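Here is the structure we will look at.
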Amino acid sequence: MVHKLTAEARQQFFADHPAWKEAEGKDAAETTLTFADFNEAWGFMSRVAVYADKHDHHPEWFNVYNRVEITLTTHDAGGLSERDEKMAAFIDRIRG
Ligand SMILES: C[C@H](O)[C@H](O)[C@H]1CNC2=NC(N)=NC(=O)C2=N1
């Protein structure tokens, strides 16, 4: 069972991860990454995909050429959870 972050933990999430913003009308966190080219973007996405598969937690994302938009939310919890926090921390570590 996975639970949504408490209001305090949610606030802490956005304080700890300044590259992430609250999604509008949705209990989720969003970020946009820009890479040198598609090859770099796809390399990044591959690393996130391996993480997602390993942790059974999957991003909502959109890619055009060198841009990757990511929305993190936990469908099973109906909002942001610790799983999103861990995935955001992973993405922030590898985003360069
Ligand atoms: C059955 C499977 O474990 C669930 O559907 C997992 C898969 N990946 C998931 N990813 C996300 N973002 N939220 C979930 O609730 C979720 N649930």
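Order of appearance sets the numbers: ligands from 1, and atoms from 1 within every ligand. Computed from a prediction, not measured in an experiment: that's the story for all the values here. Residues take their numbers from the sequence shown, with the count starting at 1.
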protein heavy-atom neighbour closest to atom 15 (O) of ligand 1 works out as Asp76 N, 2.7 Å
Atoms in ligand 1 with a heavy atom of Thr73 nearer than 4.0 Å:
11 (C), 12 (N), 13 (N)
Which residue is it: Asp27, Thr73, Thr74? I am looking for the one with a side chain to side chain donor-acceptor pair (under 3.5 Å) to Ser81.
Thr74
Any chance you could measure Phe44, atom CZ, to Ile94, atom CD1, to the nearest 0.5 Å?
5.0 Å
Among all the protein's non-hydrogen atoms, which is closest to atom 2 (C) of ligand 1, and how far away is it?
Asp56 OD2, 3.3 Å
Quick test of your reading of the structure: of His55, Met87, His58, whose heavy atom lies closest to atom 8 (N) of ligand 1?
His58
Nearest-0.5 Å distance that lies between atom NZ in Lys86 and atom OH in Tyr51
7.0 Å
Atoms of ligand 1, numbered as shown, that sit under 4.0 Å from any heavy atom of Thr74
13 (N), 15 (O)
Distance to 0.1 Å, residue and atom name: give those for the protein heavy atom nearest to atom 14 (C) of ligand 1.
His75 N, 3.5 Å
A quick test of your reading: do over 12 heavy atoms of other residues, nucleotides or ligands sit less than 6.0 Å from CH2 of Trp42?
no
Does at least one non-hydrogen atom of Val2 fall below 4.0 angstrom from an atom of ligand 1?
no
I need the Leu72 CG to Trp20 CH2 distance, nearest 0.5 Å.
4.0 Å
Please report the C-alpha distance between Thr31 and His17 in whole Å, then the side-chain angles of each, then the deciding distance to 0.1 Å, and finally whether the side chain to side chain contact (heavy atoms under 4.5 Å, CB included) criterion is met.
CA-CA 10 Å; Thr31 196; His17 304 284; over 6 Å; no
